[in-house]
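Because the structure is a prediction, the values reported are computed rather than measured.
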Amino acid sequence: MGAAVDLPPEAWANLLGAFARATGVSLALYDEAGALRAGPFVSTPLGQALEEANAFAAGGFAAPALEASRGGADQTPCAVVDLGHGLRAFGCPLRHEEQTVGIVVGGWVFSTFPEPRQADRLAASLGMPYLRVWQVARQQPPVHDERLALYAQLLRTSAEAALVAHAQVRREQERSRRLALLHDAATRLAAETNVGGVAALAVASARALGGGCGAALVVREGGAARIVAADGASNETSVHRYPLPGDAALEVGASAEPASLPALTALVALVGAALEKAHLIADLERQRESLEQAGRLRDEFVATVSHELRTPLNAILGWAAMLRGGQLAGPAQTRAVEVIERNARTQAKLIDDLLDLSRMITGSLRLSPEAVDVARVAEAVLEGLAPAAQAKRLHLHMHTGVALPVYGDAARLQQVVWNLLANAVKFTPAGGTVEVRGHTDSAQARVVLEVHDSGPGIPREFLPHVFSRFRQADGSITRTHGGLGLGLAIARHIVELHGGEITVRSPGELGGASFAVTLPRGAVSAPSLPSEVQAGRTAGDDIARAVAGLRVLVVDDDEDARDLARTVLEGAGARVSVAASGAEAFEQAARGSVDVLVADLAMP
């Protein structure tokens, strides 16, 4: 029927039954289509006879009254009509909030005492014996049209008052229900710490508050909508949209009951607070996991550093002890010196990496840019690694053919190439291949140096962490290959300082690895090599000629370092004095002139 509110069947029975008994008329409630909804309610012998004959059924005697009562708000509210054979009744539409709830047909009475002819025709229509119809008709007091109209108005007033009261009760019940739903939603949202849980509670509560309409929690990402949670299918073309934190929104079908909108607004406030709390908890959880991961990496790194420093130190101390004890002679002494020097250089490399890490963290790693040919740098590094490659029977190939000119720090770029090629040599198994390829990208004014190896490759899950500090695919101290795991992190930092990028590709284990360094193209003229790979540029003879005869003051709080510097400089012909502190150095400088000052910058 489309009515906004209606009385339950027992309420209609109580209302219409009491009215029928009080007025002595018969009543029946129909819908707008003419179907019987409630009744009939009879209190007279005539009404009982009509009920027995099924006269109240749809399409029967009530049709004229129903037809007169249709037509909407402009129609006469109640109309008294002739049902045929002298019977009179009123048709009265019952309306609430501009909608028809039903039509009451009441009366079914004679306005005057019937004549025998009327009783005969009525008996024929009802299919009942004439004598019975005549008897019940004579027992029914006549009811004039004016009284019927009055009854109709009274009934209409009573019924519509009952509808108003019932609607008010329904509104209060619905309000209480929504308050209970909101209270339950608030309690559950306060306890929920997961974003997905908050979203599911939000849409379920919104659907319940909206009277069963569809609801969804949607997040906008780059212009596209992603549904986080949904409850209830809906084909509606429009929705009520309530914004939430983080480009999210709670969308509720437009069919939601209007009375629910304030409750939905209150729900959105609760959901917004719960989402913010859940996001905060998720962020804190990620930070906690990140801190725990950082702590684990720190502990692993400290263990690795201790192991990597202790290993060469054991060799240095062992061979030094044998030299001091006079246990070695001839070739054994020479071998001892070589082992000590090699392990000292290993320790120096480890310490250099740690110092570079410190400079990266503090932002103090500086470049000394000049014209550099990266191809020549790669050639020099390959020459330096050739003995190690030959020991493993590796095949080294260089494919450049052209200069790779850049404007950068030659020593730092050599450090990058050395780290990449040293890793390739270290991880490639015996008999494998290491290739270096270089080319220029004229369109983008870039140069590219690539290093490929046929080594074991990099696990897919570790690829995102290849350039991370302290990360190694195998971080245990029992791993096959040594090192601190800083080389690639330092290499990336240096390349980025040059305005370039370094990338890695690997199909996975046993598939080898490929690193590519891309740098801005620089000047072609006068490319240089790092000083440590330029033959004869810093020979000891040059140093000796530079300091011979000069007065040199060496300042260092470490006695062994002072003795080493004194011995080297005096061997070069310098006149050396030493000081163990800054104050002592000022005193010596005040007593006599100093040509050169050599000082430790990190003294206490």
Side-chain angles (χ1 to χ4, degrees), residues 7 9-31 33-70 76-94 102-159 162:
L7 294 181
E10 62 273 14
W12 282 121
N14 292 334
L15 174 65
L16 297 180
F19 195 89
R21 290 190 296 272
T23 59
V25 299
S26 299
L27 298 171
L29 178 66
Y30 299 86
D31 63 21
L36 184 64
R37 287 190 53 210
F41 304 97
V42 298
S43 61
T44 64
L46 178 59
Q48 293 171 359
L50 292 172
E51 183 178 7
E52 290 176 13
N54 202 25
F56 296 96
F61 282 82
L66 291 172
E67 187 64 30
S69 301
R70 296 190 182 102
T76 302
C78 297
V80 178
V81 297
D82 184 10
L83 301 182
H85 313 301
L87 288 176
R88 305 287 288 177
F90 61 80
C92 187
L94 304 181
I103 299 174
V104 174
V105 176
W108 310 83
V109 295
F110 293 105
S111 60
T112 60
F113 282 109
E115 298 177 357
R117 185 179 53 183
Q118 290 177 316
D120 183 56
R121 286 198 296 266
L122 178 59
S125 298
L126 296 176
M128 301 181 71
Y130 165 77
L131 184 58
R132 183 181 177 194
V133 172
W134 175 253
Q135 289 175 345
V136 298
R138 298 297 294 180
Q139 294 174 12
Q140 176 81 42
V143 179
H144 297 293
D145 287 356
E146 292 80 5
R147 183 174 291 274
L148 280 179
L150 178 61
Y151 287 165
Q153 189 59 43
L154 287 173
L155 178 60
R156 183 172 183 272
T157 301
S158 299

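Between Gln140 and Val109, the closest side-chain pair of non-hydrogen atoms falls below 4.5 Å. Looking only at side-chain heavy atoms (C-beta outward), Leu27 and Phe90 come within less than 4.5 Å of each other. Side-chain contact between Val143 and Thr23 is absent, with no heavy atoms from C-beta onward closer than 4.5 Å. For the pair Arg88/Asp82, a side-chain contact is recorded, criterion being any heavy-atom separation below 4.5 Å from C-beta on. The shortest distance between side-chain heavy atoms of Leu155 and Leu16 falls below 4.5 Å. Using a 4.5 Å cut-off on side-chain heavy atoms (C-beta onward), Phe41 and Phe19 make no contact. Here the side chains of Leu126 and Phe61 are in contact, with some heavy-atom distance below 4.5 Å.
Nearest heavy-atom pair, Val136 versus Ala49, reported as atom, atom and distance to 0.1 Å: CG2-CB, 4.4 Å. For Pro45 against Gln139, the heavy-atom pair with the smallest separation is CG-OE1, 3.3 Å. Here the closest non-hydrogen pair linking Leu36 and Ala28 is CD1-CB, 3.8 Å. Minimum heavy-atom separation, Ala162 to Leu15: CB-CD2, 4.5 Å. Between Ser26 and Gly47 the shortest heavy-atom distance is OG-CA, 3.5 Å. The two residues Gln118 and His85 make their nearest non-hydrogen contact at CB-O, 4.2 Å.
More than 12 heavy atoms of other shown residues, nucleotides or ligands fall within 6.0 angstrom of atom CZ in Arg121.
Side-chain atoms of Asn14 come within 3.5 Å of backbone N or O of Glu10 as a donor-acceptor pair.
Atom SG in Cys78 sits 10.5 Å away from atom CG in Leu150 (nearest 0.5 Å). Atom CG of Leu148 sits about 8.5 Å away from atom OG of Ser111, to the nearest 0.5 Å. Atom CZ of Arg37 sits about 5.0 Å away from atom CG of Leu29, to the nearest 0.5 Å. Annotation: the span from Ser125 atom OG to Leu87 atom CG amounts to 9.5 Å, rounded to 0.5 Å. To the nearest 0.5 Å, the span separating CD on Glu115 from CH2 on Trp134 amounts to 8.5 Å.
Residues that satisfy the side-chain contact (heavy atoms from CB on, under 4.5 Å) test with Ala62, not counting sequence neighbours, are Tyr30, Leu66, Val105, Trp108. Phe110 is linked by a ring-ring contact (aromatic ring centres under 6.0 Å, His included) to nothing, counting only residues two or more places apart in sequence or in another chain.
Pairs of residues two or more places apart, or lying in two chains, that qualify as side-chain hydrogen bond (donor to acceptor under 3.5 Å, both in side chains) and include a residue from residues 47-57 are Glu52-Arg132.
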